[in-house]
Amino acid sequence: MENFTQLINRIGLPRLAAMAVVAVLMLGFFGFLITRAQTPNLAPLYTGLSLEDSSAIVTELQTLNIPYELRGEGDTILIPRDDITTTRMTLAGSGLPTRGQVGYEIFDQQSTLGATSFVQNINNVRALEGELARTIGSLNRIKSARVHLVLPERELFRREKTAPSASIVLSVRGELANGEIRAIQHMVASAIEGMTPSRVSIVDDQGNLLASGTGDDAEGAMAGDAAERTLGYENRLRTRVEDMLANVVGPGRARVEVSAEIDFNRSTTTEERFDPESQVVRSSQLRETENLTNGANGQVTVANELPGASQNTGGAGPSEQGTSSEEVTNYEISKTTQTAVTEAGSVKRLSVAVVVDGVYATDAAGTQTYTPRTADEVAQILTLVRSAVGYSETRGDSVEVVNMQFAERPDLAVPGTDAAGGLLDFTRDDLMNGAEMAVTLLIALALVFFVMRPLLKKALSPETQPLALPPAAELGHHGVLSADGQVIAEAEQEIERDKTPAWVANAKSMGETQLQTLKTVGSLVEENPRQAALIVRDWLGSAAA
């Protein structure tokens, strides 16, 4: 117990308090590490949920005894990463999440017994709106969607029919491209019978009109579509030519730019041609007539008109007999009718510009020398490019290949050739976990080397011995030091005393002793200030006791 008390007194209360605080911090830190290691890695189960969906999902997770955590304003739910797939399948079996919309399950939840046609029609519209909102919300850039449908009913005995329309409100991440907006319009129009894409209006959550549903923006949509089709065609040609040249001159050693002029006019041409040389008999008609006339002096009687009257009037007068024939032939002239429909999107003119880098050679000293390509190589590259883009001299296409030195030499290594590249393919979670472990390790090492190690070293170091008294103090009454540092024994002191008066000898000896002692103590304090402080503290403790 005495030794323990001495150890505490030697260490001191401030150092003991500091060691206790550091120990508590270290225990808390390592406890945090152990708890963090045992805590399952959480990942988002669903994000952007409505409050209704969050409440229903949390209730289901509590039933399944799955730990969860809410983030944000309750619109994000996190669960252990290993349970995400199974939980999503289980929740999908329960119809969750509904995304705040009611789909076709409305017919399963409500009884149709006693329901009127009006209620059924309303439920049908609600189901269509909910299903369309869910489909639109599944797109990558869409956070949430709300759909309103107008489905007019055709009245009896009425010929006019009003086309259906739709209005959509979107909450988006970033900004939607024109192609994505038109895709939503076409998707909704295809899901509703009789609806056209121009009857679908789209508004974002900032109040910006993305597409009007009045049908007046058809020309603007066509213009945007034409620009995108032109750009897509140019990008396809550029990629095709660059990939081909990469195998010839090396990756990154060629730059290609394509400018295409595309005709988006749609025309229909009908042409009829008649060939007079190719005649075909269509119909032929032959008619023969025989005439027989008897003379009766110009008189017409009843007897002349009776049957068989000519037999009795053979000599009554002169008679006339004649035959006539008529032939009619109809010819059909050969006719050719051609109808040519020219669809939009034909290439009117194509311009291609290709810049090819030269050849680099490395000598024995490691210096790279640039050498331009020969005219034959440039001509061969020109032939390849013309064949790849479908060069047509009739259209007036232009293809130019120029050999110039690039400002910066590109890397000649082919991407993906590094055999060890697969080991460095870390995901975002792997990088975050690695960074967390590295920071934790650095903090632990800093605490051990800069806090614990100095404290333990100070606590376990042996107690410093008090300063040795100077020789004059140790001699006491047995002798004194002379001016040159030699010890004068008591016998010699007596001889000196006899030679000098007593009071003079005593004063001289005491003064020399004190002066030498003070000089020695001063030099020791300057050399060892720390030990001197310990001695003074021990003296003060002894005086207080």
List the atom of [X], the atom of [Y], and the distance in Å for their closest heavy-atom pair.
{"X": "V347", "Y": "Y233", "value": "CG2-OH, 3.6 Å"}
{"X": "N247", "Y": "D243", "value": "ND2-O, 3.4 Å"}
{"X": "P80", "Y": "I66", "value": "CD-CG2, 4.4 Å"}
{"X": "R199", "Y": "A163", "value": "NH2-O, 3.6 Å"}
{"X": "E234", "Y": "V258", "value": "CD-O, 3.5 Å"}
{"X": "P164", "Y": "P152", "value": "CA-CD, 3.8 Å"}

Is it true that E129 and R126 make a salt bridge, defined as a side-chain N closer than 4.0 Å to a carboxylate O? no
Salt bridge (Lys or Arg N to Asp or Glu O under 4.0 Å) pairs touching residues 257-266, sequence neighbours excluded, are E261-K348, R266-E343
Any donor-acceptor pair under 3.5 Å linking the side chain of [X] with the backbone of [Y]?
{"X": "N208", "Y": "D204", "result": "no"}
{"X": "R146", "Y": "L170", "result": "no"}
{"X": "R373", "Y": "V402", "result": "no"}
{"X": "T63", "Y": "T59", "result": "yes"}
{"X": "T86", "Y": "D83", "result": "no"}
{"X": "E180", "Y": "A177", "result": "yes"}
{"X": "D397", "Y": "S392", "result": "yes"}

With a cut-off of 6.0 Å (strictly less than), are more than 12 heavy atoms of other residues, nucleotides or ligands near CD of E400?
-> no
Roughly how far apart are [X] [atom1] and [Y] [atom2], rounded to 0.5 Å?
{"X": "S55", "Y": "E60", "atom1": "OG", "atom2": "CD", "answer": "11.5 Å"}
{"X": "T76", "Y": "E69", "atom1": "OG1", "atom2": "CD", "answer": "10.5 Å"}
{"X": "F406", "Y": "Y360", "atom1": "CZ", "atom2": "OH", "answer": "8.0 Å"}
{"X": "L45", "Y": "I84", "atom1": "CG", "atom2": "CD1", "answer": "6.5 Å"}
{"X": "S198", "Y": "R182", "atom1": "OG", "atom2": "CZ", "answer": "13.5 Å"}
{"X": "Y391", "Y": "T383", "atom1": "OH", "atom2": "OG1", "answer": "11.0 Å"}

Does [X] reach the side chain of [Y], with side-chain heavy atoms less than 4.5 Å apart?
{"X": "R253", "Y": "V356", "answer": "no"}
{"X": "L210", "Y": "V203", "answer": "no"}
{"X": "V188", "Y": "I168", "answer": "yes"}
{"X": "L151", "Y": "E193", "answer": "no"}
{"X": "Q185", "Y": "I202", "answer": "yes"}
{"X": "V249", "Y": "D357", "answer": "no"}
{"X": "L149", "Y": "L132", "answer": "yes"}
{"X": "V352", "Y": "V401", "answer": "no"}

Taking it one step at a time, do M187 and I136 satisfy side chain to side chain contact (heavy atoms under 4.5 Å, CB included)?
CA-CA 9 Å; M187 182 192 65; I136 296 173; 3.2 Å; yes
*Output, in order, the C-alpha distance, side-chain angles, deciding distance and verdict of side chain to side chain contact (heavy atoms under 4.5 Å, CB included) for Y68 and I57.*
CA-CA 10 Å; Y68 65 91; I57 292 175; over 6 Å; no
ask   = Do R173 and K143 pass the side chain to side chain contact (heavy atoms under 4.5 Å, CB included) test, and can you show the C-alpha distance, the side-chain angles, and the key distance before you say yes or no?
value = CA-CA 7 Å; R173 301 181 182 92; K143 293 196 299 185; 3.3 Å; yes
Establish, for the pair R88 and Y46, whether the NZ or CZ atom is under 6.0 angstrom from the six-membered ring centre and no further than 45 degrees off its axis. yes
(message) Pair I184, L139 - check side chain to side chain contact (heavy atoms under 4.5 Å, CB included), show working.
(response) CA-CA 10 Å; I184 295 175; L139 300 180; 4.0 Å; yes
